[in-house]
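Structure first, commentary second.
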Amino acid sequence: MTNPDASRLARRGELIALVGGKEEVLLSEDGESMWVEVIRKMDEVYADLIGYETDLERKNAELEEARNFIAGVVASISDVLIVCDEKGAIVQVNPAFQRLMGAPELALVDQPFAECVASESRTAVQAMFEPGPMSKEESLELCFKTASGPSDVMAVNCSARFNSQGRLAGAVFTGRPIGQLRRAYEALHCAHVELQQAQARLIEQEKMASLGRLVAGVAHELNNPISFVYGNIHTLNRYRMTLADYLASIHSGMPDEAREALRRRLKIDAVLEDLEPLIEGTLEGAVRISDIVKNLRRLSFGSNAPRVSVELSKVVRTASQWASRSKKAKARIEMRLEADLFAFAHEGQIHSAIGNLVDNALDAVRSAPNPSVLIETRSEEKLAVVEVSDNGPGVSEDARARIFEPFFTTKPVGEGTGLGLWITYSIVREHGGVIDCVNLPQGGARFTLKVPRCDPPVKEQSGSTKLRQLD
Ligand SMILES: Nc1ncnc2c1ncn2[C@@H]1O[C@H](COP(=O)(O)OP(=O)(O)OP(=O)(O)O)[C@@H](O)[C@H]1O
Ligand SMILES: [Mg+2]
């Protein structure tokens, strides 16, 4: 403090103070600017102080907010969370663990974590805190010793915890009950198995139903030719007896007149005339029965042989040659075949599927002015595509919905069993493929068949081939 009396004694520009009874010049002319400097510095320090304080307050608020945020997150975690020190004593737990244990945090903190788990899991937990490096992460299945008895099995994850200097400071455990999850999974599994069984039963029933429909259809189809073969055989037998009588009379040396009378009476001429159509009709019936049986045999898809890499261009060529020969077709057959296109298939089945499509196309163009059939193959991503187009009348709107049904045919009796497309459809479906039919804008129909494509067979050193389906 300066003495006002002393300052009065001072010369202008001097600030004098009595210090221990002695006058001391505190501030001279030069000293004044120093004083101003000191005050300025103090102002600066004061401003800095205020700045620091505001900063501190802001940081405090942020810290508080972060703390509340973390506390809120920890409190809302439904998994249990236990933080331990390096000796395995609990440092902090979350409310989920308190609820599970039926104890407040205070009662749990400082307890050895191993004490909280059921005896059979204790050794594993204790081993984690034994001296030596702790593994960074570990998964365990633990039961906890709760206030109401052993808990559900929990899947617990343990991660090593490090302090700010990067030294091991303990471990963090997080866990969730898997007992419930397991039970739910088992229930789901049972439901799934039941569903699969129900589905298998349904498929079986559907198979039986379609087998029933097929048998009924076959019976109906066979009934017709069998009944006229049967009728014809009866008539033939009658004719046989008539002719036998007539021949016996001739051989017995009957006079000519009586023989002529007998010939007229037995209508031998009519019988002889009738024989040819009767035999032809019977043969035709037998052929129809044989056709139906042949188609049914194709249906059984005979071979249990594994699927192989089938070169489509080869199969298309032979199938169309066979179809064309058996139909004695006059149509022009054009082929646009992609080279090195392989299907993952049963060769025989793919052959009949394509053969059926060509058969139909040839039938369809029979009365077309310039009958022509186009067969194309191409790859489409993981599929091999075969298209058979014709310039016939196309498939009528009514027939469209039914062409893949067994025994659906628009062909005259004796020309079609109506099984061709159904067999083709079944083969394609068995191969995991699809078949479709469209009418072309310029007239005619196009059948498109798609089956899984595969790489060409790779020759192994032994000469055998290896197959790889495109995945
Ligand atoms: N290319 C086509 N153009 C027009 N109609 C067709 C064609 N292909 C099939 N159809 C129709 O689909 C019907 C069923 O064909 P599907 O091959 O199943 O039997 P089908 O040829 O009549 O007899 P099957 O093949 O047993 O000898 C045919 O009768 C015909 O009406
Ligand atoms: Mg057909």
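Counting starts at 1 for both ligands and their atoms, in listed order.
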Does even one non-hydrogen atom of Ala399 get within less than 4.0 Å of ligand 1? no
In ligand 1, which numbered atoms sit nearer than 4.0 Å to a non-hydrogen atom of Gly420? 16 (P), 17 (O), 18 (O), 24 (P), 25 (O), 26 (O)
Using a strict cut-off of less than 4.0 Å between a Lys/Arg side-chain nitrogen and an Asp/Glu carboxylate oxygen, indicate whether Lys267 and Asp274 qualify as a salt bridge. no
With atoms numbered from 1 as shown, which atoms in ligand 1 lie under 4.0 angstrom from a non-hydrogen atom of Val395? 4 (C), 5 (N), 6 (C)
Within the structure, is a non-hydrogen atom of Asp359 found at a distance of less than 4.0 Å from ligand 1? no
Does Arg332 come within less than 4.0 Å of Glu334, counting only side-chain N to carboxylate O? yes
Specify whether an N/O/S atom of Asn360 falls short of 2.8 Å from the Mg ion (ligand 2). yes
How many angstroms lie between CG in Leu341 and CZ in Arg453, if you round to the nearest 0.5 Å? 7.0 Å
Separation between CG (Leu362) and OG (Ser324), nearest 0.5 Å, reads 6.0 Å
Ligand 1 atoms in contact with Thr409 (distance to a heavy atom under 4.0 Å): 20 (P), 22 (O), 29 (O)
Polar atom proximity, Phe447 to ligand 1 (N or O, under 3.5 Å): no
Judged by non-hydrogen atoms, does Asn356 sit under 4.0 Å from ligand 1? no
Any Lys/Arg nitrogen of Glu376 or Arg336 sitting under 4.0 Å from an Asp/Glu carboxylate oxygen of the other? yes
Closest heavy-atom pair and its distance - Asp79, Arg176: OD2-NH2, 3.1 Å
With heavy-atom distances below 4.0 Å as the criterion, list the atoms of ligand 1 near Gly394. 4 (C)
Would you mind telling me if ligand 1 is within reach of the side chain of Asp363, the backbone, both or neither, using heavy atoms under 4.0 Å? neither
Could you tell me whether the side chains of Asp436 and Thr448 share a donor-acceptor contact shorter than 3.5 Å? no
Looking only at non-hydrogen atoms, which of Pro393, Ala364, Gly418, Ala445 approaches atom 19 (O) of ligand 1 most closely? Gly418
With rounding to the nearest 0.5 Å, note down the distance linking CG in Asn157 to CG in Leu81. 11.5 Å
